[in-house]
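Notes for the one structure printed next.
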Amino acid sequence: MPRYDARRIESKWQSYWDNHRTFVTSNEPQEGAQGKLYVLDMFPYPSGDGLHVGHPEGQTATDIVCRYSRMKEKHVLHPMGWDAFGLPAEQYAIQTGTHPRETTQRNIDTFRRQEKMLGFSYDWTREFSTTDEDYYRWTQWIFLQLYDTWYDADFEWTGPDGLSRAGKGRPISELPIPSGVTSEGDVAVRRYQDEHRLAYQLDAPVNWCPALGTVLANEEVTAEGKSDRGNHPVERRQLRQWMLRITSYAERLIDELENLDWSESIKLLQRNWIGKSLGAEVDFYVGDVTSTESQIMEFGPWKAARAEVGFPEHPGDLVLRVYTTRPDTLYGATYMVVAPEHPIVDHITTEEQRVKVETYRDIVSRKSDLDRTDLAKEKTGVFTGAHAMNPVNGEPIPIWIADYVLMSYGTGAIMAVPGHDERDLEFARTFDLPITAVVMPPDTDHDEPIGFVGEGTAINSGEYDGLPTAEFKQKITENLAAGGLGQLATNYRLRDWLFSRQRYWGEPFPIWHELDDEGKPTGLTRPVAADKLPVTLPDMEDFKPKGTPDPPLSWAPDEWLYATAEDGTRLKRETNSMPQWAGSCWYYLRFADNKNSDAFIDPAVEKYWLPVDLYIGGAEHAVLHLLYSRFWHKVLFDRGHVSTPEPFQKLVNQGMILGENNEKMSKSRGNVVNPDDVVSQYGADSLRLYEMFMGPLEQVKPWQMSGVEGVYRFLGRVWRMIVDERADDVTLSAAVQEVDLTDEQQRVLHKTIKAVTEDIDKLSFNTAISRMMEFTNVFTQEDVRPKFAMEQLVLLLSPFAPHLAEELWEVLGHAETLAYNPWPEYDESMLIEDEVEVPVQINGKVRAKIRVPVDAKPQAMQEIAESSDEVQKQIEGKQVVKVIAVPGRMVNFVVKG
RNA sequence: GGCCGAGUGGCGGAAUUGGCAGACGCAUCGGACUUAAAAUCCGAAGUUCCGAAAGGAGCGUGCGGGUUCGAGUCCCGCCUCGGCUACCA
């Protein structure tokens, strides 16, 4: 008695697909293919915990789209691989004394087993891991592209996509070298080029965790300023780091979101992250800080000189340059604040204030970014003793240092307008600094201008009084520019990307440092030749951090670490490694051509498969991964290596699956659902179907084990609708016969085909499943079930529950897989019913039901309604004011009395 | 604090975009089959009030207003929950 036996069916069909290479995809389209479709899941990190139920959520969705699209004769690319470098593997390795290569391999094996167990139609011949040498060879190669590129912001050009744009990443050899630099010689030219590369080095503050003995990425530091792993304190240190100049692409990263098929909220998230703001840079004269009188005397001539020479590129030591989005509040600037690290502090601090200033700077320098922002409630700062001259009215105003001004944004200095900025107001109140109102709020009930941060009308602003904010901004910016005192400026919150990590388990940089005669780095670098890639990770037993910021690779064997160039220069390798993001920045390209040993991807293959048509994954990657990938892709685009400006045309974020208690799943809450357990109890088809039936893909939704039971029962019903459960073998039920469908059955079938098809197109899988349940509820009640209808249902169900569908397809007499069988089609004419029941409302309340011809005109509907006894009873003796009839929908009588 | 998203039965969720609120599933209750149970099959069910019953009347999509013949859906004002972000001048 063959009951629905998921275990037997699933292993049978998984081997079938493997043995028949059912889902192996050629880069040559099959004959008659209806175009290509590249469907991608976000790159999983193979953690030691194995798959969690969030993985199959997005992956089932993409699998449904792929299986459906193949039946629609699309040429489908659907790959899977592993993002396997990274800190968790390394930490685990250190704790257990196992090499990360081993644990990573083990984790990958677990993940692969679990993915296969779920019956996803991946082309496994395209699988790779970011830790494979012939993968990271090309990660290094792309890094060298970044190294070899500078951004020409003014370059106008038309790309292979046919669109014109300004700004292009160009080969460093095309960088114009100023004659002053050329005359200084070769080394000066090289240093000048190095300053302009998209991959460059910088002394940058990093998150140093003494307990872990490593530097952490911002994402690895908790909101409390502790390490994500182990909860150890984290402090700041200045270290020489590799940076990627993503800020050059900020404008294009915003603009080119426009044509992407992404949700508005994700686009907004990216725009906010990039954080473009428009404002002005304004120069405040400082000069001789020891005497305010002489400052006032010097101010006039300085201003006059500026009117002559204009606004300089660098303000110089005696001028303080600020960035503001509100140049219209310039008259309200009563003091200035510079970041404690600002270089001008050394020039302007007076003798009396020096000790206080240095003490403050010292305290701040030892705080992490997070400590600094943590102190947000209490404003701190110190007066430098110096004053600057307000360029609009020549008033001397005091210059303070405070950690609420960040060196990394704008110019690292602000003009403080306490009257109209919350932070400045709080600071001014703390330190008793003057507050001036210069903006009148527009509505009169809001009569207190102090603390008003919106737009209004200018007051106390000399000749500008009475101007609306917007107009004032424009006018004063023009005037400042004319006087050489300011200029329009754009700023981004986005920072350049800190790209190096002091870790072992990552891609080595393909970079040599030149050494001088004493073996010290000269600061000059050279790339590893492309034909020498990859720079393989040296085999090291000891990769445990030593409590200093030296990366583990710095004690790699000398053969790896040192070399002599052909010109005799001694070279030392870069010993930092790349962050985990590196490998996931371009993996979607490699899937299209993972065996290529001549190029990261063949240009023709790239042109054929890219961009990714559908990309599904969690919203946690809405900014970082997606922004980094887009950046790399654009650099490759500019350099002519890819043909599309964007990698991911359509993006969908799946909603998080919560535990049964409506809380986020976590080990500590004990509400984690393990896919292995669900599959062993109900089978993969039930897990897949349940995850899709839970609710809309993009919505957050709680797990319910009883819901899995429900879809499992549904699959059992489908099984019994087609299979004779009382026979000894799996045979067709006697009720399934080669008969024509009745009109009613036709209608149900075609309605189901239409609904399921449209729902899949909309990624509305939960409703698609409920349609198939309705179909099943109708047909299980029939004593004779037309075989054709059963076949059609099996085809509709196959993307969702592919194992069961294949088994039933076989029972229905088909020798071959249904994976490439044409998708059922519906006939619109079959859907039409002659008559429909519509409600009759009296004053908007349903009082009766009538049957009308589907195509009945409003007038006819009204007449039918009026002839009904029930309606007569309701409107009797009342005055009918108006009748609204919507064809095929409803009739509404508006009555009085 | 800022931005984004969401509030519909006991629960997960539907609702052709302004037209019968609660599809489908879970849980619940009743029945059939069975010696019994499991499994399966059939059926009931938003809620309050009236009625012995068939049935009838009212109320119902977080709260308060509004637009409309008609609002879960549109507009205005709030409340609650979730996510992201956090001194960006």
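The sequence lines fix the lettering, A, B, ..., with proteins before strands; numbering per chain opens at 1. These figures come from a predicted structure and were not determined experimentally.
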- What about the rings of A:Tyr712 and A:Tyr4, do their centers lie closer together than 6.0 Å? yes
- Query: Would you call A:Arg3-A:Asp5 a salt bridge at under 4.0 Å N-O?
  - Reply: no
- Task: Indicate yes or no for a side-chain donor-acceptor contact from A:Arg321 to the backbone of A:Asp283 under 3.5 Å, with no hydrogens or angles considered.
- Result: no
- Taking atom C1' in both B:C24 and B:A14, what distance in whole Å separates the two? 7 Å
- Tell me: NZ of A:Lys845 to C1' of B:G60, nearest whole Å? 11 Å
Could you list, one pair per line, each protein nitrogen or oxygen that sits under 3.5 Å from a nitrogen or oxygen of nucleotides 19-26 of chain B, together with the distance?
residue	atom	partner	partner atom	Å
B:C20	O2	A:Lys849	NZ	2.7
B:C20	N4	A:Glu837	O	3.4
B:A23	O2'	A:Glu774	OE2	3.0
B:G25	OP1	A:Asn777	ND2	3.1
B:C26	OP1	A:Arg713	NE	3.1
B:C26	OP1	A:Arg713	NH2	2.7
B:C26	O2'	A:Ser706	OG	2.7

- Item | Residue-phosphate contact under 4.0 Å: A:Gln699 side-chain N/O, B:G13 OP1/OP2 | yes
- Message: Please report the distance, rounded to the nearest Å, between CZ in A:Phe765 and P in B:A14.
- Response: 14 Å
- Query: Taking for each residue the nucleotide of RNA chain B bearing the nearest heavy atom, is the 5' side occupied by A:Ala413 or by A:Lys664?
  - Reply: A:Lys664
- Note on the structure: If pairing means Watson-Crick or G-U wobble with both distances under 3.5 Å, then the partner of B:G5 is B:C81
- Item | A:Tyr335 ring center near A:Phe427 ring center (under 6.0 Å) | yes
- Query: Say you pick atom P in B:G18 and the same atom in B:C29; how far apart are they, in whole Å?
  - Reply: 41 Å
- Query: Using atom P of each nucleotide, how far apart are B:C76 and B:U28 to the nearest Å?
  - Reply: 44 Å
- Do A:Arg429 and A:Glu426 sit within salt-bridge range, that is, some charged N less than 4.0 Å from a carboxylate O? no
- Would you mind calling B:U17 syn or anti? Take O4'-C1'-N9-C4 for purines or O4'-C1'-N1-C2 for pyrimidines, and syn is within 90° of 0. syn
- Message: What's the gap between B:U8 and B:G62 when it is taken at their C1' atoms, as a whole Å value?
- Response: 10 Å
- Item | Nearest-nucleotide 5' precedence on RNA chain B, A:Asn843 against A:Lys762 | A:Lys762
- Query: Looking only at atom C1', what distance separates B:G25 and B:A45, rounded to whole Å?
  - Reply: 15 Å
- Reported OG1-to-CZ distance for the pair A:Thr324 and A:Arg326, which is rounded to 0.5 angstrom: 8.0 Å
- Task: Measure the distance from NZ on A:Lys882 to C1' on B:U68 and round it to the nearest whole Å.
- Result: 9 Å
- Message: Could you check whether A:Lys379 makes a cation-pi contact with A:Tyr404, meaning its NZ or CZ is under 6.0 Å from the centre of the six-membered ring and within 45° of the ring axis?
- Response: yes
- Give A:Arg495 one of three labels, base, sugar-phosphate or nothing, depending on what nucleic acid heavy atoms sit under 4.0 Å from its own. base
- Query: Whom does B:A86 pair with, Watson-Crick or G-U wobble, provided both distances fall under 3.5 Å?
  - Reply: none
- Nucleotide forming a Watson-Crick or wobble pair with B:G46, both distances under 3.5 Å: B:C59
- Message: Work out how far the P atom of B:C59 is from that of B:A21, and round it to whole angstrom.
- Response: 13 Å
- Message: Expressed as a whole number of angstroms, how long is the span from A:Glu698:CD to B:A6:P?
- Response: 10 Å
- Task: Look at A:Lys762 together with A:Glu758 and state whether they make a salt bridge at an N to O cut-off of under 4.0 Å.
- Result: no
- Could you tell me the separation between the CE atom of A:Met656 and the P atom of B:C81, rounded to a whole number of Å? 17 Å
- Note on the structure: note: A:Tyr323, atom OH; B:C87, atom C1'; distance rounded to Å ~ 16 Å
- When the distance from CG of A:Asp403 to C1' of B:A89 is rounded to whole Å, what number comes out? 14 Å
- Message: Just the rounded figure in Å: distance from C1' of B:C84 to CG of A:Leu268.
- Response: 11 Å
- Query: Should B:G9 be called syn or anti, with syn set as within 90° of 0?
  - Reply: syn
- Message: Just to be sure I understand the rule, does A:Thr780 reach a base, reach only the sugar-phosphate, or reach nothing, if contact means heavy atoms closer than 4.0 Å?
- Response: nothing
- Sub-3.5 Å donor-acceptor pair from the side chain of A:Arg785 to the main-chain atoms of A:Met721, do we have one? yes
- Message: With a 3.5 Å limit on both atom pairs, tell me what B:A39 is paired to, counting Watson-Crick and G-U wobble, or say none.
- Response: none
- Query: P atom, B:C20 versus B:A71: distance in rounded Å?
  - Reply: 11 Å
- With P as the reference atom in both, quote the distance from B:A86 to B:C81 in angstrom, rounded to an integer. 23 Å
- Message: Using Watson-Crick or G-U wobble geometry with both distances under 3.5 Å, which nucleotide pairs with B:G19?
- Response: B:C69
- Note on the structure: Closest to the side chain of A:Tyr409, out of B:G13, B:C84, B:A89, is B:A89
